[in-house]
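Residue numbering restarts at 1 for every chain, and letters A, B, ... go by the order of the sequence lines.
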Amino acid sequence: MTSRLDRIAQQRRQKLDRIRGRGIDPYPYGYHRSHTTQQAVEKLKKWESKDATEKAADRLAGKLQVNVAGRIMAIRRMGKSAFFDLRDGSGRIQLLFQDINQFDEKDLELFKDLDIGDIIGVSGPLLWTKSGEPTVWVAEFTLLAKSLQPLPEKWHGLSDVDKRYRQRYLDLIANAEAKEIFRVRSQVIAAIREFLNQRGFLEVETPVLQPLAGGALARPFTTHHHALDQDFYLRIALELHLKRLIIGGFDKVYELGRIFRNEGISTKHNPEFTMLESYEAYVDYQDVMKMLERMVSLIARKIMGRYEIEFGDNNLNFKPPWQRLELRQAIIKYSGIDFEQYPDADSLRAEMLKLKMEVDPQKDRGRLIDELISTFVEPNMIQPTFLLDYPVEMSPLAKTKPGNQRMVERFEAFAGGMEIANAFTELNDPIEQRERFLQQQKERKPEDETTETIDQDFLLALEYGMPPTGGLGVGIDRLVMLLTGQQSIRQVILFPQLREKP
RNA sequence: GGGCCGCUAGCUCAAUUGGAAGAGCAGCUGACUCUUAAUCAGCAGGUUACAGGUUCGAGUCCUGUGCGGCUCACCA
């Protein structure tokens with residue numbers, strides 16, 4: 001703490017003491033609002049459209065009276081009068097304190113002690129100022145919360161990225177764009193629920209704490225339950241529990257939930273992030289593809305008002321149908337390598353080395369192909385695109401293509417150079433699933449902490465019979481990034497993970 | 001984890017080759033009854049992230065640490 005901040009805080013505390021000394025509670029219990037600031041402005045506009053006689057009658061009848069409340073964002077004192085900007089969750093409105101001598105001694109003193117940042121409630125009639133600003137002419141005012149800290153600068157806002165994340169409330173107060181991003185995020189999630197609910201999907205909740213972290217391959221967070229004296233993992237995917245529910249007879253289920261991966265942090269990765277997974281019985285990945293492009297495009301149009309969204313230097317067009325491209329063809333197109341010609345890891349690695357790629361000799365064929373995707377293909381996936389049909393090594397939970405044991409019915413959706421969704425026709429043959437898990441375990445490196453051990457309970461569930469099912473996973477944070485044009489995942493997560501400051 | 005960049009007043013930013021740490025906003029005092037980045041006059045406000053080093057002299061150069069950003073690696 002520097003002396004200057006101390007001094008400002010000290011001044012505010014002195015004001016607080018003065019206010020208390022006059023018998024005023026600076027933190028009272030509530031306030032009756034008749035209107036939000038936005039509603040008040042609308043009310044005034046509506047009144048403006050009436051004819052002169054009606055207007056005068058309304059004014060006389062006190063029909064322009066409102067009670068509004070919010071945070072003081074600006075103070076323009078001008079001798080006996082003053083203009084304040086008042087902001088609430090809906091917007092802002094101007095306040096006019098005309099001739100402050102109308103107030104009694106107590107209110108006058110309180111008025112003098114009001115600061116930018118304080119929360120107040122006011123009542124009085126609405127009016128237009130000469131310059132056409134909708135304004136509340138303040139007849140009465142009440143302090144609702146005294147602010148003891150100075151707000152960020154009014155014009156430039158808060159730009160210190162570190163501070164914006166650590167003190168997100170200041171970001172939300174100071175930067176309107178930040179607030180808008182999270183409003184959009186909330187609407188996106190609501191729209192997803194509405195879309196899926198309308199289609200007969202059932203929203204469910206499954207455990208975050210799991211004895212095995214299955215359904216994906218990622219390093220999990222670990223924790224410990226004391227009463228059970230048992231270690232648990234935080235889930236890294238929703239998949240295996242949702243499939244159990246398909247087996248249980250819910251034909252359409254989804255979960256919107258937080259998942260946790262103990263891996264690197266980047267502009268596209270946060271250790272905890274929000275995933276949508278949905279499972280629908282009796283459909284395949286082609287049906288899921290149609291549903292996804294329909295869902296995302298509807299959301300874009302509903303919330304952003306259009307199919308085309310500016311993202312970085314590009315204009316993304318989410319109008320269906322999205323481009324469909326076989327994974328194999330995409331890799332050939334962007335890297336020149338046809339993985340079908342290299343049936344094992346060694347030959348593929350040799351070919352990749354020719355492209356001067358730095359290739360980890362530990363990587364198996366699936367991971368090598370994955371590297372080809374992320375190096376050559378993903379950066380080119382700007383317009384919404386489905387990549388279809390993946391090698392079986394990369395997809396232990398997906399069903400192989402009919403007549404081709406090496407490939408599975410899987411797609412990933414990309415846009416803006418990011419993967420936003422992953423889906424497949426789910427493998428429902430319990431014998432094959434067990435073999436795939438065993439194969440996966442065999443290829444696992446001894447030092448590799450990321451590989452799950454086999455989820456026997458899930459295999460048992462599969463043995464009771466799971467209908468043919470199409471499954472989908474969507475990265476909600478990335479979807480919000482795309483829709484709001486944000487280049488960093490931290491801009492769309494209210495409280496992103498940061499290192500603790502000393 | 002590696003590389004590069006950044007950290008100056010509460011906030012937004014300056015500071016020439018290494019030569020007296022500044023401005024705007026916010027704050028305080030005063031003037032002002034239609035302002036809206038109000039205006040005008042004045043005042044106050046700094047461990048230049050932290051710890052060392054080089055130097056007559058360091059915000060500036062060097063080393064280390066912390067935190068952040070970008071990027072690479074990692075990442076179904």
Item to check | Leu96(A) vs Gly157(A), nearer the 5' end of RNA chain B by closest nucleotide | outcome: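 The residue mapped nearer the 5' terminus is Gly157(A).
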Checklist entry - How do Phe84(A) and Glu419(A) order along RNA chain B: which one's closest nucleotide is nearer the 5' end? => result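 Per heavy-atom nearest nucleotide, the more 5' residue is Phe84(A).
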For the [atom1] atoms, the ones on [N] and on [M], what distance do you get once it is rounded to whole angstrom?
{"N": "U17(B)", "M": "U12(B)", "atom1": "P", "value": "26 Å"}
{"N": "A73(B)", "M": "U65(B)", "atom1": "P", "value": "24 Å"}
{"N": "G57(B)", "M": "C70(B)", "atom1": "P", "value": "40 Å"}
{"N": "A76(B)", "M": "U16(B)", "atom1": "P", "value": "49 Å"}
{"N": "A9(B)", "M": "G3(B)", "atom1": "P", "value": "28 Å"}

With respect to the side chain of [X], which nucleotide from [options] is positioned closest?
{"X": "Arg367(A)", "options": "C75(B), U35(B), C28(B)", "answer": "C75(B)"}
{"X": "Ala216(A)", "options": "A26(B), U35(B), A76(B)", "answer": "A76(B)"}
{"X": "Met78(A)", "options": "A37(B), U35(B), G10(B)", "answer": "U35(B)"}
{"X": "Ile116(A)", "options": "U33(B), C28(B), A26(B)", "answer": "A26(B)"}
{"X": "Thr267(A)", "options": "C70(B), C75(B), A38(B)", "answer": "C70(B)"}
{"X": "Lys163(A)", "options": "A38(B), C11(B), G27(B)", "answer": "C11(B)"}
{"X": "Ser159(A)", "options": "C28(B), C75(B), C13(B)", "answer": "C13(B)"}
{"X": "Leu217(A)", "options": "C34(B), A76(B), A26(B)", "answer": "A76(B)"}

Item to check | Considering all heavy atoms, the nearest Met275(A)-Ile476(A) contact | outcome: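 Shortest heavy-atom separation between Met275(A) and Ile476(A) comes out as C-CG1, 4.2 Å.
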Item to check | Closest non-hydrogen atom pair, Phe386(A) against Leu388(A) | outcome: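 So the two residues come closest at CB-CD2, 3.7 Å.
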Next on the checklist: Dot-bracket for RNA chain B, please. Rules: Watson-Crick or G-U, both distances under 3.5 Å, ( ) within the strand, [ ] when a pair crosses earlier ones, | for another strand, . otherwise.
Outcome noted: (((((((..((((.....[..)))).(((((.......))))).....(((((..]....))))))))))))....
Classify [X] by what it touches in the nucleic acid, base, sugar-phosphate, or nothing, heavy-atom distance under 4.0 Å.
{"X": "Leu498(A)", "value": "sugar-phosphate"}
{"X": "Arg166(A)", "value": "sugar-phosphate"}
{"X": "Lys15(A)", "value": "sugar-phosphate"}

Quick one: does [X]'s side chain have a donor or acceptor within less than 3.5 Å of a partner on [Y]'s backbone?
{"X": "Gln39(A)", "Y": "Thr36(A)", "value": "yes"}
{"X": "Asp429(A)", "Y": "Glu432(A)", "value": "yes"}
{"X": "Thr469(A)", "Y": "Tyr279(A)", "value": "no"}

Item to check | Non-hydrogen side-chain atoms of Leu212(A) and Phe458(A) separated by less than 4.5 Å | outcome: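 Not in contact.
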Next on the checklist: Taking 4.0 Å as the cut-off, does a side-chain nitrogen or oxygen of Lys154(A) come that near to OP1 or OP2 on C11(B)?
Outcome noted: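 For C11(B), OP1/OP2 do not have a side-chain N/O of Lys154(A) under 4.0 Å.
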Next on the checklist: Would you say Arg499(A) places a side-chain N or O within less than 4.0 Å of OP1 or OP2 belonging to C67(B)?
Outcome noted: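 Yes, such a contact exists.
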Item to check | Pair Tyr390(A) + Phe424(A): ring centers closer than 6.0 Å | outcome: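 No, the ring centres sit 6.0 Å or more apart.
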Next on the checklist: Check this for me: Gln14(A), atom CD, are more than 12 non-hydrogen atoms of other residues, nucleotides or ligands nearer than 6.0 Å?
Outcome noted: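 It does: Gln14(A) CD has more than 12 such atoms within range.
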Next on the checklist: Counting only heavy atoms not in Arg13(A) (residues, nucleotides, ligands), do more than 12 fall under 6.0 Å from its CZ?
Outcome noted: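 Check fails, neighbour count at 12 or below.
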Check nucleotides 39-43 of chain B for protein N or O atoms closer than 3.5 Å to its own N or O atoms and list the pairs.
none

